[in-house]
Protein chains: 2
Amino acid sequence: MINEIKNFKQYLAGVIPMGEGSFEIALQYLKVETIEKGEHLVKEGQACNKVAFISNGLFRIYYLKDGTEINTCFCKENSITSAFDSFVNQVPSKENIQALEDSVVVTLSSENLAKMVGENAVWQTVRQLLTEKECLRLSGRATSLSFEPALEKYRNLLRDQPEIIQRVPVQHIASYLGVSRETLSRIRARVGE
Amino acid sequence: MINEIKNFKQYLAGVIPMGEGSFEIALQYLKVETIEKGEHLVKEGQACNKVAFISNGLFRIYYLKDGTEINTCFCKENSITSAFDSFVNQVPSKENIQALEDSVVVTLSSENLAKMVGENAVWQTVRQLLTEKECLRLSGRATSLSFEPALEKYRNLLRDQPEIIQRVPVQHIASYLGVSRETLSRIRARVGE
DNA sequence: TGAATTTTGTGACAAATGTCAATTGAATTC
DNA sequence: GAATTCAATTGACATTTGTCACAAAATTCA
């Protein structure tokens with residue numbers, strides 16, 4: 001089994017204990033893709049009909065508001081990324097997913113996921129758990145966006161996802177936190193980070 | 001079948017087509033509760049082990065930050081409310097759910113929901129769909145909190161949930177939008193609403 | 001390497017929002 | 001129905017943040 005698939009298997013094992021053979025159903029459906037820095041995994045307007053497990057690399061999810069990009073999420077190796085609304089409701093995506101580093105992902109189409117759910121109920125549970133995880137992430141994001149002043153938002157990010165600050169250009173972080181680049185610049189100068 | 005249960009059945013029919021008899025499994029597990037204005041359905045620190053379908057009335061979900069209440073959601077009749085994190089992960093709730101009007105709800109414990117999933121797979125799908133719905137709601141909330149100036153936040157709320165503005169005290173709306181009461185007051189004066 | 005481009009940082013100022021205090025208005029209670 | 005409490009509004013001012021302009025630094029690419 002190639003490394004990327006192994007990583008995915010291991011990731012799932014951390015989400016739910018899977019009996020022998022449950023994962024093997026997936027093998028025929030999984031696809032390994034290489035995405036270069038700057039390339040898009042999903043573009044606005046496309047239907048995003050897959051989820052991607054990131055074996056290696058880093059992505060950002062963003063959408064356009066009045067012509068400017070607003071980042072909503074950074075996804076790094078050993079996690080799953082997708083344009084959620086598009087994937088779930090089979091509608092064109094409003095979101096873009098772009099690689100911030102050269103990346104390798106394992107993709108699974110919604111169609112094939114549906115087949116897997118039919119073959120083994122554990123995959124339904126996987127789907128449920130991943131959805132719940134996404135809920136918690138979004139809930140945390142909503143909390144950190146409301147009422148926190150810019151400094152605290154930055155500190156929270158520093159606490160919760162310190163790697164992001166190392167690996168993501170400042171302009172993208174600013175947009176993620178909902179502050180201007182300049183404000184974030186000044187905050188960083190003050191924090192001494 | 002009493003009215004509240006009927007309402008719940010009808011609500012579910014809108015979420016997923018349920019075959020004859022699928023809903024009837026639930027009857028033995030559902031409980032109808034009356035909550036007076038001001039009372040709490042869930043309090044911080046408790047484990048929230050149930051979801052509640054609101055047949056009648058209105059609730060707010062809020063948490064405490066440095067002693068002040070921050071509202072994260074308003075839930076009205078014909079929708080479902082719960083302290084999501086607590087329900088899913090069986091941990092003490094950080095959220096409070098309080099009735100803003102005299103209300104009647106139909107509750108279902110997580111324990112019983114699990115039983116129902118065992119008896120009929122459609123309930124697993126119900127759970128999945130409701131979780132996805134919650135994701136979309138949270139995603140929308142995160143979007144409206146980030147970068148929108150106060151005026152636009154208010155306009156968006158006016159567009160998306162006009163009833164809330166009629167039925168919820170202004171102070172609670174301000175906290176929901178992430179602005180001070182005073183600022184919201186001034187915005188309302190300007191908008192002429 | 002060196003030029004061009006992009007990203008980041010800084011200063012000056014304007015706009016938006018928060019805070020505090022006082023007032024008005026509405027709801028509740030006795 | 002008057003008194004009391006609570007909620008909402010308004011004014012004055014301080015603080016935060018955004019915007020614009022430009023400089024410095026880093027990165028990209030020929």
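The sequence lines fix the lettering, A, B, ..., with proteins before strands; numbering per chain opens at 1.
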| remark: note: B:E148, atom CD; C:dA15, atom C1'; distance rounded to Å ~ 17 Å
| message | Using a 6.0 Å cut-off, check whether atom CD of A:E119 has over 12 heavy atoms from anything other than its own residue. | response | yes
| Contact letters for nucleotides 4-10 of chain D, in which S counts primed atoms plus P, OP1 and OP2 and B counts the base, heavy atoms under 4.0 Å | ---SBBB
| task | Using side chain to side chain contact (heavy atoms under 4.5 Å, CB included) as the criterion, point out the one residue from A:T125, A:V126, A:T131 that pairs with A:L129. | result | A:T125
| Parallel, tilted or perpendicular: ring planes of A:F53 versus A:Y11, cut at 30 and 60 degrees | tilted
| field | d(CD, A:E152; C1', D:dT17) in whole Å | value | 15 Å
Between the protein and nucleotides 24-30 of chain C, which nitrogen or oxygen pairs are less than 3.5 angstrom apart?
none

| said: Output the rounded distance in Å from CZ (B:F147) to C1' (D:dT19). | reply: 13 Å
| said: Can you tell whether the side chains of B:K76 and B:E101 come within less than 4.0 Å, N to carboxylate O? | reply: no
| query | Within the structure shown, what part of the strands sits under 4.0 Å from A:G38 by heavy-atom distance: base, sugar-phosphate, or nothing? | reply | nothing
| said: Using the ring pair (Phe, Tyr, Trp, His ring centres under 6.0 Å) criterion, which residues pair with A:F59? Sequence neighbours excluded. | reply: none
| message | What is the distance, to the nearest angstrom, from the OH atom on B:Y154 to the P atom on C:dT17? | response | 15 Å
| task | Report the distance from atom CG of B:L151 to atom C1' of C:dG18, rounded to the nearest whole Å. | result | 17 Å
| Are A:E24 and A:K9 ion-paired here, with the side-chain N under 4.0 Å from a carboxylate O? | yes
| task | Locate the shortest heavy-atom distance separating B:W123 from B:A26; write the atom from each residue and the value. | result | CZ2-CB, 3.8 Å
| message | Would you say that more than 12 heavy atoms from the other residues, nucleotides or ligands in this model lie under 6.0 Å from the CZ of B:R137, or not? | response | yes
| said: What is the distance, to the nearest angstrom, from the CD1 atom on A:I165 to the C1' atom on C:dT8? | reply: 16 Å
| Protein-nucleotide distance (A:I187, atom CD1; C:dT8, atom P), rounded to Å | 15 Å
| field | Nucleotide C:dT8, atom P - distance to CZ of A:R190 in whole Å | value | 19 Å
| Is the B:F74 ring parallel, tilted or perpendicular to the B:Y176 ring (thresholds 30°, 60°)? | tilted
